[in-house]
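Protein chains get the first letters and strands the later ones, always in sequence-line order, with residue 1 at the start of each. Values below: all heavy atoms of this structure, side chains included; hydrogens, waters and symmetry mates excluded.
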Amino acid sequence: MPDRLRGRNAAFGLALPLLLLAAWWYATTIGGIRVYQLASPAEVLRELGSLATTGELWKNLVASIVRVALGFAVSLVLAIGIGTSVGLSRAVERIVDPTLQALRAIPSLAWVPLLLLWLGIGETAKIVLIAIGAFFPIYVNLVAGIRGVDRKLVEVAEMFGIRGFALARRVVIPAALPSLLVGSRIGLTQAWLFLVAAELLGATRGLGFLLTEGQQISRTDEILTAILLLAICGKLSESAMRAVERRMLYWTDGMAS
Amino acid sequence: MTPAVSIDRLTVRFGDRDVFEEFSLEVAQGETLAILGPSGCGKSTLLRAVGRLVTPQSGRVVTSDEIGIVFQEPRLLPWLSVEKNVAFAARGDVERARVKDAIDLVGLTHAAHLLPKALSGGMAQRASLARSLIRSPQLLLLDEPLSALDALTRLDLQVAIARIIREAAGTSILVTHDVDEALFLADRIIVLDGAPASVITTLDVPLAARRVRSADLTRERNALYAALGVDTPPVAPDIQRTRLFRVQ
């Protein structure tokens, strides 16, 4: 994409946030909305500054990022392993897939009491919950991707006697890579959603903790700061995943390339 | 000498459709056989049975272990460069060392680093041909390799295939629906028809006729078109092919 077009796209993408910011500023100053209902942009900025200077910001941010990264990594490894087996073998699919689809239908928060009982309020329970959330998009997309692999390419490999694990590594997984990456991008977004659910219960650090604390001491500036940080983290990780996709899918011949 | 391919009472059924029943055929060592026939007559199925991509209901196909197959579509792996696609089938250093030669032979020396998305149809099919040669197959199976290409590219690639058959392949079987292509490339041409399919015409192409385009093949053309049940079209001006063939 030429730089000029890229710049114009960025300008389009920023228009709506700026409009919302203006409306927010208007409502909290001239509009007369009180600070215990909604803090103004300036107050949120001030809160962000004070969190940064006391070191609270980094402590909470790092705690959340580490949880998301670990949970996402666990789900990625499991989804690639299980998804590949299910995608390649109808037998494995018949055994595993119905159970996974049922588990997938369970709302995330339903896991919370069980995870608390089993794993306590420590890090493990949080990471497991995040991994559950991120697993299914990756798994579902990967299986669909493997099923959609061009039969003719598989036939070429079989013609050369390439079967089993070598077939998966050399043909099936690379061919399903676009689906795997789309699933991973959605999975990473899910990981951030589940992070908040995980940190709403018994966390002493993290962005979800900031949310709970802000609610308990009626500080809308702290709540909004946490929300803002979550939005930024989610957007940045989404952009990072898109960059990874562009890098790894140099060979595709679609509209975007 | 034992034949390169021996098809013995082959029966292939798709659902309740008998494609072949007790069909037998032999291909001699070093021979190039072309199979003509109307669409759906089973010519591709026969080739795929020889290439072990179709499992017959009964009967046997005895052939060499090392078979190269070129399909109608190039079937390149889109994430690999031409060079890596050609090397895809290589086992060990000996076969890997052949990659460059195979790419040179099909005339893709300067495109070796390109991804399939950057190739024209003809170039992609050349890469596919090179890939099929990496294991030094004793038998080369060509399943309508040129039918997806435009007329001029097809003539170019016919010359390339003629060279490959001469230099790199032992025995070849070509499935095509182009009578002139069969006459240009094959030692022997069979026409398949019917359900289950049988050989309705066999034609030996004189060696001289294949080497010199000016040779009069009117009689052979007429016989093949008659077997296919099609009026013989006028001879296409084959300037391109003649020119390229003289250059070699």
More than 12 heavy atoms of other groups within 6.0 Å of [X] [atom1]:
X: B:Arg91; atom1: CZ; value: yes
X: B:Glu83; atom1: CD; value: no
X: A:Met241; atom1: CE; value: yes
X: A:Arg104; atom1: CZ; value: no

Is it true that [X] and [Y] make a salt bridge, defined as a side-chain N closer than 4.0 Å to a carboxylate O?
X: A:Arg185; Y: A:Glu238; value: yes
X: A:Glu123; Y: A:Arg67; value: yes
X: A:Glu245; Y: A:Arg242; value: no

Notebook entry, point to check: Under 4.5 Å, heavy atom to heavy atom, which residues of residues 26-57 of chain B contact chain A?
Noted result: B:Arg48, B:Leu53
Note to self: Is A:Leu177 in contact with chain B via its backbone, its side chain, both, or neither, using a 4.5 Å heavy-atom distance?
What the structure shows: neither
Margin query: Give me the atom names and distance for the closest heavy-atom approach of A:Gly206 to A:Asn60.
Written below: N-OD1, 2.8 Å
Margin query: Could you work out, with side chain to side chain donor-acceptor pair (under 3.5 Å) as the rule, every residue matching A:Arg247, not counting sequence neighbours?
Written below: none
Segment of [X] engaging chain A (4.5 angstrom heavy-atom cut-off):
X: B:Ile69; value: both
X: B:Glu73; value: side chain
X: B:Phe88; value: both
X: B:Leu76; value: backbone

Item checked: Contact leader toward chain A among B:Leu77, B:Ile134, B:Ile67, where contacts are heavy-atom pairs under 4.5 Å -> B:Leu77
